[in-house]
Amino acid sequence: MARALLASDDRVEHLSVHTRSSHRFTLGFYLRADSPAWAEEHAERVSHRLLSTGRLPSARLLDARVPLLPELRPPPGQGPVS
């Protein structure tokens with residue numbers, strides 16, 4: 001249902017829904033983003049819009065953030081990542 005509510009200008013490449021219990025879930029967005037800060041703000045806006053449609057389970061947004069990713073480094077002796 002959530003995917004059907006997305007618009008092309010949402011810049012969402014993939015959406016995942018993770019249920020934590022019968023009344024808690026997490027929306028995971030894979031966005032084409034200009035920066036991590038932009039991604040967080042945009043995911044929050046999209047989430048509020050999706051939740052305000054009344055077509056998803058009643059919920060409220062608790063957080064919107066980019067997961068911390070380790071810096072990508074090549075294995076020793078392998079050169080730079082291209």
Does atom OH of Tyr30 have more than 12 heavy-atom neighbours from other groups under 6.0 Å away?
no
Nearest 0.5 angstrom please: Leu62 CG to Ser47 OG, how far?
11.0 Å
Specify the closest pair of heavy atoms between Leu31 and Asp10, including all atoms of both residues, with the distance to one decimal.
CD2-O, 3.8 Å
Testing the basics here: between Leu51 and Pro57, what is the closest heavy-atom pair and its distance to 0.1 Å?
CD2-O, 4.3 Å
Looking at Leu6 and Phe29, what are the two nearest heavy atoms and their distance?
CD2-CE2, 4.3 Å
Step by step, would you call Thr53 with Met1 a side chain to side chain contact (heavy atoms under 4.5 Å, CB included)?
CA-CA 11 Å; Thr53 65; Met1 178 63 71; over 6 Å; no
Can you tell me if Arg32 has over 12 outside heavy atoms packed within less than 6.0 Å of its CZ?
yes
Distance-only side-chain donor-acceptor flag, Ser16 / His18, under 3.5 Å:
yes
Minimal non-hydrogen separation, Leu5 against Arg49, with atom names
O-NH2, 3.0 Å
Are side-chain N/O atoms of His42 and Arg45 paired as donor and acceptor at under 3.5 Å?
yes
Nearest heavy-atom contact between Leu15 and Arg3 is O-NH2, 2.9 Å
Identify the heavy atoms of Val66 and Pro36 that sit nearest to each other, and give their distance.
CG2-O, 3.4 Å
Report the residue from Leu27, Thr26, Leu56 that forms a side-chain contact (heavy atoms from CB on, under 4.5 Å) with Val17.
Leu27
